[in-house]
Engineer: 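Take a look at the following structure, please.
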Amino acid sequence: DAKTTQPTSMDCAEGRAANLPCNHSTISGNEYVYWYRQIHSQGPQYIIHGLKNNETNEMASLIITEDRKSSTLILPHATLRDTAVYYCIVRALSRQLTFGSGTQLTVLP
Amino acid sequence: ETGVTQTPRHLVMGMTNKKSLKCEQHLGHNAMYWYKQSAKKPLELMFVYNFKEQTENNSVPSRFSPECPNSSHLFLHLHTLQPEDSALYLCASSQDQGNYGYTFGSGTRLTVV
């Protein structure tokens with residue numbers, strides 16, 4: 001699976017958009033970009049995934065660059081409950097889900 | 001509740017004890033997974049079961065013994081653990097091994113004393 005690079009930590013003001021970047025410059029054509037988050041001491045929670053088109057659901061939007069070498073997860077109106085570790089994972093469907101260190105997002109009041 | 005239930009939530013055991021962790025899902029999924037999360041470390045995949053058959057064992061020591069009696073239940077039997085085995089043990093399930101989304105339980109916080 002392609003390696004991903006994420007900032008260790010980020011802050012965001014409550015009510016503002018949180019934009020979490022992820023670099024995956026070695027991504028292969030059959031690999032998807034997944035985002036999960038883990039609130040302290042809970043199991044990870046699936047957020048969104050995409051292959052090459054931008055995706056949106058009730059939780060977030062995923063913007064993938066045209067060359068697919070990077071992506072951004074957008075939480076449009078961050079709340080305190082969005083404070084968590086966010087994992088960007090690149091994975092082919094035939095492979096297991098492998099987690100890196102993620103980005104600790106802290107939403108500030 | 002995510003649909004994946006893990007029991008117990010917390011467990012303290014001595015190094016000579018034998019205990020079991022239980023995971024149950026009623027999502028109709030066919031693949032189940034055990035992950036370990038030690039303090040300040042990323043999640044590590046331990047075991048994978050697909051249609052009750054173990055398909056992956058990531059060099060896990062034999063003091064951890066998984067069991068999958070059916071597609072809804074997964075156990076992790078523990079014996080003669082070491083203090084460094086203290087961690088959060090997470091169970092997950094997915095429709096099958098190739099499916100997009102994994103659903104995780106809340107985990108069992110294990111402390112070995």
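Numbers restart at 1 for each chain; the letters A, B, ... are given by sequence-line order, proteins then strands. A quick note: this is a predicted structure, and the numbers were derived from the prediction, not measured.
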Engineer: Does the side chain of A:Gln45 pick up a donor-acceptor pair with the side chain of B:Tyr102 at under 3.5 Å?
Structural biologist: no

Engineer: Are A:Gln42 and B:Leu88 packed together at the side-chain level, in the sense that at least one heavy-atom pair is separated by less than 4.5 angstrom?
Structural biologist: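 The answer is no, as the side chains (C-beta and beyond) never meet within the 4.5 Å cut-off.
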
Engineer: Side-chain donor-acceptor contacts of residues 7-16 of chain B below 3.5 Å, not counting sequence neighbours, with atom names and distances?
Structural biologist:
unit_1, atom_1, unit_2, atom_2, d
B:Arg9, NE, B:Gly107, O, 3.4

Engineer: Can you say whether B:Leu90 sits under 4.5 Å from chain A via the side chain, the backbone, both, or neither, judging by heavy atoms?
Structural biologist: side chain

Engineer: Please identify each residue that fulfils side-chain hydrogen bond (donor to acceptor under 3.5 Å, both in side chains) with A:Asn23, with sequence neighbours left out.
Structural biologist: none

Engineer: Within a strict 4.5 Å, meaning less than it, do heavy atoms of the B:Leu43 and A:Tyr87 side chains meet?
Structural biologist: yes

Engineer: My understanding is that only residues two or more places apart in sequence, or in another chain, count here; which of them pass salt bridge (charged side-chain N to carboxylate O under 4.0 Å, His left out) with B:Lys18?
Structural biologist: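 Not a single residue meets the salt bridge (charged side-chain N to carboxylate O under 4.0 Å, His left out) criterion with B:Lys18.
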
Engineer: Is the NE2 atom of B:His26 crowded by more than 12 outside heavy atoms at less than 6.0 Å?
Structural biologist: yes

Engineer: Just checking heavy atoms, which of residues 100-109 of chain A are less than 4.5 Å from chain B?
Structural biologist: A:Gly100, A:Ser101

Engineer: What residue, out of B:Arg109, B:Lys41, B:Gln37, has the most heavy-atom pairs lying under 4.5 Å from chain A?
Structural biologist: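 The option with the most such pairs is B:Gln37.
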
Engineer: Transitively linked via ILVMFWY side-chain contacts under 4.5 Å: B:Leu76 with B:Val60?
Structural biologist: yes

Engineer: Cluster question for you: counting only ILVMFWY and a side-chain heavy-atom cut-off of under 4.5 Å, with indirect links fine, are B:Val113 and B:Tyr89 together?
Structural biologist: no

Engineer: Please say whether more than 12 non-hydrogen atoms of neighbouring residues, nucleotides or ligands are located less than 6.0 Å from CZ in A:Arg16.
Structural biologist: no

Engineer: Counting C-beta onward and ignoring hydrogens, is there a side-chain heavy-atom pair between A:Leu97 and B:Tyr35 closer than 4.5 Å?
Structural biologist: yes

Engineer: If we only count heavy atoms from C-beta on, is the A:Tyr36 to B:Phe104 side-chain gap below 4.5 Å?
Structural biologist: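 In contact.
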
